[in-house]
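Since the structure comes first, as structure tokens, the remarks are kept for the end.
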Amino acid sequence: MNTIALIAHNNKKTDLLNWVKENQDVLRNYNLVGTTNTSALINDLLDMNITPFGHGPSGGDILLAAKILQGEISKIIFFIDAETPHGHEHDIQTLIRTAVLNNIPIALNRASANFIVLERGE
């Protein structure tokens, strides 16, 4: 089963929650992982089975990059807040760079997330 990682910056968690709610039937066909807070929010409100792997600012982005390198992640949905500076910006860039270098589709907004989830090829 393909694994999708779900991540959202604090100001985008509601947007991701709403997106997951709209796409939960499709998402239930995937193994889902996510950062600790994002996973807890979605699991609590939508009864999804998203496995948490770490808090983004505390190394979660680096843990996800490692999971990419280990071949454990097939797609990433990361609703970023591009208007707010983040103290762990280097980790975010490492994650994005790791996804790009390993040919892992990464969606950074709703439009690209729709495309990634609804496409059928690998």
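In this text the structure is predicted, and so the values were computed from the model without any measurement.
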Please step through side-chain contact (heavy atoms from CB on, under 4.5 Å) for the pair Leu32 and Leu27, ending with a clear verdict. CA-CA 8 Å; Leu32 301 173; Leu27 290 171; 4.2 Å; yes

Rounded distance (nearest 0.5 Å) linking atom [atom1] of [X] with atom [atom2] of [Y]:
X	Y	atom1	atom2	value
Leu64	Leu6	CG	CG	10.0 Å
Thr98	Gln93	OG1	CD	10.5 Å
Asp91	Leu63	CG	CG	9.5 Å
Lys21	Asn18	NZ	CG	7.0 Å
Ile68	Thr94	CD1	OG1	10.5 Å
Leu17	Thr38	CG	OG1	10.0 Å

If you group Ile, Leu, Val, Met, Phe, Trp and Tyr by side-chain heavy-atom gaps below 4.5 Å, do Ile4 and Leu69 land in one group? no

Should Leu101 and Ile62 be counted in the same cluster of Ile, Leu, Val, Met, Phe, Trp and Tyr side chains packed under 4.5 Å apart? no

Between Thr35 (side chain) and Ile7 (backbone), is there a donor-acceptor pair under 3.5 Å? no

Polar side-chain atom of Lys75 near backbone of Ile116 as donor-acceptor pair, under 3.5 Å: yes

Could you go through the side-chain contact (heavy atoms from CB on, under 4.5 Å) check for Phe53 and Lys67 one step at a time? CA-CA 10 Å; Phe53 60 79; Lys67 287 180 177 293; 3.7 Å; yes

Taking the side chain as everything from C-beta on, heavy atoms only, tell me whether Ile77 gets closer than 4.5 Å to Leu16. yes

Heavy atoms, side chains only, cut-off 4.5 Å: are Phe78 and Ile92 in contact? yes

Exercise: identify the closest heavy-atom pair between [X] and [Y]:
X	Y	value
Ile104	Ser74	CG2-O, 3.7 Å
Val117	Trp19	CG2-CH2, 3.3 Å
Ile73	Ile76	CG2-CG1, 3.9 Å

Do any side-chain atoms of residues 40-49 form donor-acceptor pairs under 3.5 angstrom with protein atoms, and if so which ones, sequence neighbours left out?
unit_1	atom_1	unit_2	atom_2	d
Asn43	OD1	Ile50	N	2.9
Asn43	ND2	Ser39	O	3.2
Asn43	ND2	Ile50	O	2.8

Please walk me through it: do Asn37 and Lys13 pass side-chain contact (heavy atoms from CB on, under 4.5 Å)? CA-CA 9 Å; Asn37 292 339; Lys13 287 195 190 311; 4.0 Å; yes

Residues pairing under side-chain hydrogen bond (donor to acceptor under 3.5 Å, both in side chains) where one sits in residues 100-112, two or more places apart or in two chains, turn out to be Glu22-Arg110, Asn109-Ser112

